[in-house]
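Quick note: numbers below take in every heavy atom, side chains included, and nothing from hydrogens, waters or symmetry partners.
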Amino acid sequence: MARSTVALDPSGPGTADHQSTGTEADGEVPGRLAAVEALAGIGVWTRDLETGAVRWSQQCLRLLGLPIDSRLTVTTFAAMIDARDTRAREHWLAPPTAVGTCDPFEYRVRRADGALMRLRQAEAVERGSDGRALRILGTIQETGGPPPSNRFGGGFTATVTGELVALAPALADLLGYHPRVLVGRTLDTLHRRPEDWSHHLQSLLGGDSEVVEYEASLCGAKGAEVWAVISLRLRRGAKGDLIGIDGQAHDISDRKRAEAARRESEMLLREGLEAMPVGFAIFGPDERLELCNERYRAAFPLNRELVVPGVRFEDLVRPSAQTLAERLGFADGEAYLRWRMESFRSPSPRPWHYQQSTGRWIETWTCRASSGRFISIRADITERKTLEQQLMQAQKMEAIGQLTGGIAHDFNNLLAVILGNAELLALGRGKVEAKASTIMQAVARGSELTQRLLAFSRMQHLRPRPVDLGELVESMQALLGRTLGEGIVVSTEIDPDRWGTVADSGQVETALLNLANNARQAMPEGGTVLIRCRNQRLDVDHLGTDWDVEPGEYVVLSVSDTGVGMDPATRKRAFDPFFTTRPVGEGSGLGLSMVYGFARQSGGYAVIESALGAGTTVSIYLPRVEPSGDASEKPPAPAIADAEVSPDARRVLLVEDQVGLRGLVRDMLEIIGYVVSDVGDAAEARAVLAASAAFDLVLSDVVLPGEETGVDLARWLRAEHPELEVVLMSGYSEDHIYENERGPIEPVLLRKPFTIHELERELERVLRTRRG
């Protein structure tokens, strides 16, 4: 290997010309080390602390663009350092004993060929067996990156009491002082916390460690704060005696400022998260929780202790999976959990609502961040739900106001017809049969109006039975064609694999006729009515926020037209009672409200889809019910038109508090051949039955004065007089009458108003059933 000689510039501080050899025989740069240097692109140099001699490896010279046999002095090398990097130049020109070691730093160098390059330099101290510092070992390596920082600190020497003896100019510059100002000062005065210096000095002197390293806040000029990593090592003489302390101070102010800024940002982020009105959490790509705020924890009231960093999202939702599955209509907890995790991982956020066991309403959604993390939001929307319910109540009250006005108008007309014709009959004017017929027609019209109101309020009496909607539609197709008339084409689409449902087939037919008639009104120039019957599975993704229906499987009956359609305002009010767009006298405004009431009372829902010029579709959703062998409805017993009644065998106790109605029903009973006793309340009925139980039947109104209702009386009769048949009278449905009653009760219900023939048929049917 060729020999390279290096001479120190005698003009450099504390230096002299020296030669260095690069031969393997010298032992300075062995061949193996040279090969590694060339391979890694790293140059190695040494600087003797007593003589100041510097030896350069061949790789150092190659990096600088010099021949490997070049002579390079400290002064020459310092001149090659870019003028902008003055601190690096001063570091090389400083006395070696004051330079010591420092953390790696960077600076720019002008190569021999004029090219500007950036070097990264690292240093370490080599000591002898007696602990005395012998030389500085260093490396240089070409690197890229931003312009280097000049604030790299430097070395110092001090007495065992901490009095500074010498220090590198770079260290003085770091603190903002001239080196002469600092020489002679004790190191504790440079620490913002003098006790830090005292503590670590005692640790060093006590022999706890050969080297002590710590971070300290130093006092710079003009009150400036400088953070540095301080390294301390004991200096010993040739005989091992303690003669001083060698030290290094490396500037970490930028790092400390960055850490402080990061802590401030983290604090600001934390405070911002806690100030958010919703629960916020971030899950990693592995679906484990990284951070969240307290509101997010509060959204898990039953397993809040699980909401800690590292928990998987699936483990958070699993404890409540079975409960929510039952509430939301999933087959089981695992089915709900699968759906929930698919929703969590979905690339597009899909908010949905559910009610917790605590009664609180939660809205939740998850979105995927660009980093692969998951952002989860959970908001308590109980107050919003309450406001929505209040709004719905206000809208309902508005509907009730419209309902009241419509009822008053229609019933006043009916009462006028009834009163006028009754008055003419009392005066003996006009034909009795014609007037009576007019009165009965008005009563029938009033009864029909009442049924529509009950359908709207979901209090009508339904007779649900298994029904095939497809067969029902097909059986009505011819009737619909005749009803809608020419110019209207009726077509059907029936799913051959349709499910079954349970409903009042008469009400389904009425609803279908109403919808078909509305469709005809929307197509004055003719068009097409499409009636479809299909299956539909509804989950939480299909349900809009205004759907008050449980997820599950439904059979859908829909009627579509090609008519004028509705604007959004009309569509929003279409189900309101007495709301109609037809001219006065051409519609009651109860058709769609009756359809809606029937659907809701049947456990389903009704929805309108429409737009101006695009027609209208009204769909009725009825829950799927699997057919069973004994579920079909038994045909009612045939009505008896002219029953032969034996008056001697029929005694009826009539219980009715309205005197006029009680007299009317008494007259009806006597006309058809019954012996009648009548009382005004349940207490009087008990007294009569206690005196004589010679009755075949008790006919009682449901609503009675006093504490007992007709249902209470019927229950008492079942217990005390089981031989007596009981028939109740009411204008309400059975569901409405019995929904708040205690215990089973099965009396026959005769709905008001009724005719004398209806009264006769019902009582005879009850008595014949008893006779077997």
Point to revise | Step-by-step side chain to side chain contact (heavy atoms under 4.5 Å, CB included) determination, L137 to V125 | key: CA-CA 6 Å; L137 305 178; V125 173; over 6 Å; no
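- In the displayed structure, E383 atom CD is contacted under 6.0 Å by at most 12 heavy atoms of other residues, nucleotides or ligands.
- Not counting sequence neighbours, the partners of R135 by the salt bridge (charged side-chain N to carboxylate O under 4.0 Å, His left out) test are E126.
- Of the possible polar contacts, one joining the R295 side chain to the M276 backbone as a donor-acceptor pair under 3.5 Å is found.
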Practice item. Evaluate the criterion side chain to side chain contact (heavy atoms under 4.5 Å, CB included) for residue pair R193 and S217; output intermediate values, then yes/no. Key: CA-CA 7 Å; R193 288 169 46 91; S217 174; over 6 Å; no
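- Side-chain contact of T73 with T75: a donor-acceptor pair under 3.5 Å is absent, judged by distance alone.
- In this structure, the side chain of T386 engages the main chain of T382 through a donor-acceptor pair within 3.5 Å.
- Among all heavy-atom pairs drawn from R47 and A94, the shortest one is NH2-O, 3.7 Å.
- In this structure, the separation between CG on L167 and CZ on R180 is 11.5 Å, given to the nearest 0.5 Å.
- Residues L289 and A281 come closest through the heavy atom pair CD1-CB, 3.8 Å.
- Using a 4.5 Å cut-off on side-chain heavy atoms (C-beta onward), R108 and R84 make contact.
- Side-chain contact check for T46 and R55: no donor-acceptor pair (N or O, by modelled atom type) lies under 3.5 Å.
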Practice item. Go through the steps to decide whether R297 and E294 satisfy the test salt bridge (Lys or Arg N to Asp or Glu O under 4.0 Å), and finish with yes or no. Key: CA-CA 5 Å; R297 291 189 179 90; E294 285 300 320; 2.9 Å; yes
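- With hydrogens and angles disregarded, a donor-acceptor distance shorter than 3.5 Å links the side chain of S265 to the backbone of A261.
- Partner of D246 under the salt bridge (Lys or Arg N to Asp or Glu O under 4.0 Å) criterion, chosen from R235, R233, R132: R235.
- Distance alone, capped at 3.5 Å, is enough to place a donor-acceptor pair between the R89 side chain and the A78 backbone.
- Within the 4.5 Å cutoff, the side chain of I140 has heavy atoms near those of the Y107 side chain.
- Under a 4.0 Å N-O distance rule, the pair E314/R318 qualifies as a salt bridge.
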Practice item. Show the numbers, then the answer: is there a side chain to side chain contact (heavy atoms under 4.5 Å, CB included) between V211 and L232? Key: CA-CA 6 Å; V211 179; L232 303 176; over 6 Å; no
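- Between H91 and F105, the ring centre distance stays below 6.0 Å.
- A salt bridge links R255 with E215: at least one charged nitrogen is closer than 4.0 Å to a carboxylate oxygen.
- The main-chain N or O of T51 is found under 3.5 Å from a side-chain atom of D48 such that the two form a donor-acceptor pair.
- Annotation for E213 and S231: closest pair OE1-OG, 3.0 Å, computed over non-hydrogen atoms.
- For the 3.5 Å distance criterion, the side chains of T323 and S320 fail to qualify, holding no donor opposite an acceptor.
- A search for ring-ring contact (aromatic ring centres under 6.0 Å, His included) contacts involving F344 returns F283, F313, F374, not counting sequence neighbours.
- Looking only at side-chain heavy atoms (C-beta outward), L273 and L291 come within less than 4.5 Å of each other.
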Exercise for review: Run the numbers on Q59 and V44 for side chain to side chain contact (heavy atoms under 4.5 Å, CB included), then give the verdict.
Suggested key: CA-CA 7 Å; Q59 183 62 27; V44 179; over 6 Å; no
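- Closest approach of F156 to A249, counting heavy atoms only: CE2-N, 4.3 Å.
- Within 6.0 Å of the CD atom in E305, the count of heavy atoms belonging to other residues, nucleotides or ligands exceeds 12.
- Looking at E90, its side chain never comes within 3.5 Å of a backbone N or O of A170 through a donor-acceptor pair.
- Nearest heavy-atom pair across G333 and A321 is O-CB, 3.8 Å.
- Using a 4.5 Å heavy-atom cutoff, the side chains of L205 and L242 are in contact.
- You'll find the side chain of M80 stays beyond 4.5 Å of the side chain of M117, heavy atoms only.
- A search for ring-ring contact (aromatic ring centres under 6.0 Å, His included) contacts involving F280 returns nothing, not counting sequence neighbours.
- Here R312 pairs with D315 under the side chain to side chain donor-acceptor pair (under 3.5 Å) rule; sequence neighbours left out.
- Under 3.5 Å, the side chains of E225 and W227 contain a donor-acceptor pair of N or O atoms.
- For the atom pair CE (M341) and OG1 (T366), the distance works out to 9.0 Å, reported to the nearest 0.5 Å.
- In this structure the side chain of D82 reaches within 4.5 angstrom of the side chain of R110, judged on heavy atoms.
- Relative orientation of the H200 and Y214 rings is parallel, given thresholds of 30° and 60° on the angle between their planes.
- No side-chain heavy atom of R71 sits under 4.5 Å from any side-chain heavy atom of W56.
- Comment: E259 engages K256 in a salt bridge, judged by a side-chain N to carboxylate O separation of less than 4.0 angstrom.
- Contacts classified as side chain to side chain donor-acceptor pair (under 3.5 Å) and involving residues 282-292 (residues at least two apart or in different chains) are given here: E287-R345, E290-R373.
- Of the possible donor and acceptor atoms, one in the side chain of R368 sits under 3.5 Å from a partner among the backbone N and O of G372.
- Atom CG of D113 sits about 9.5 Å away from atom CG of L66, to the nearest 0.5 Å.
- Considering CD of E274 and SG of C292, their distance stands at 8.0 Å, rounded to 0.5 Å.
- Between F77 and L64 the shortest side-chain heavy-atom distance falls below 4.5 Å.
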Atom pairs and distances, side-chain donor-acceptor, residues 181-188, under 3.5 Å, sequence neighbours left out:
from	atom 1	to	atom 2	distance (Å)
T186	OG1	D188	OD1	2.5

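- Residue N293 comes nearest to R270 through the heavy atom pair CA-NH1, 4.2 Å, listed as atom of the first residue, atom of the second, then distance.
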